[in-house]
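A quick write-up on the structure given underneath.
Numbers here simply count residues along the sequence, with the first being 1. In this text the structure is predicted, and so the values were computed from the model without any measurement.
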Amino acid sequence: MTSPRPATPCRRSFHVAGQVQGVGFRPFVYRLACEGGLTGWVVNDGRGVQLEVQGLRPAVEEFAR
């Protein structure tokens, strides 16, 4: 009998364009990341928000959804 393979870590970057300031987007992203056990960063840029998350692949994929 073989044991299931453990989830592998991964990192993914995102860019969210448009008006995201003043609507609580960064706190929302932070809460979502914490719930999934993810680490990373989020910053505003001239076009919206850049963010990167890192953690186990299933959690990163769920975050992306």
**Message:** Looking at every non-hydrogen atom in both residues, tell me the closest pair between Gly36 and Ala59 and how far apart they are.
**Reply:** O-CB, 3.4 Å

**Asked** Of all heavy-atom pairs between Leu51 and Val49, which one has the smallest distance, and what is that distance?
**Response** CD2-CG1, 4.0 Å

**Request:** Only pairs at least two apart or in different chains count here, so list each side chain to side chain donor-acceptor pair (under 3.5 Å) that has a residue in residues 29-39.
**Result:** Arg31-Glu35

**Message:** So, applying side chain to side chain contact (heavy atoms under 4.5 Å, CB included) with Leu38, which one of Val29, Leu32, Val60 is it?
**Reply:** Val60

**Item:** Spatial distance of atom CD (Gln50) from atom CG (Asp45) [nearest 0.5 Å]
**Value:** 5.0 Å

**Prompt:** Given the rule in the salt bridge (charged side-chain N to carboxylate O under 4.0 Å, His left out) test, do Arg12 and Glu52 qualify, once you have shown the distances and angles that lead to the verdict?
**Reply:** CA-CA 6 Å; Arg12 191 158 168 203; Glu52 184 171 288; over 6 Å; no

**Prompt:** Same hydrophobic cluster for Phe14 and Phe28, using side-chain heavy-atom links shorter than 4.5 Å among ILVMFWY?
**Reply:** yes

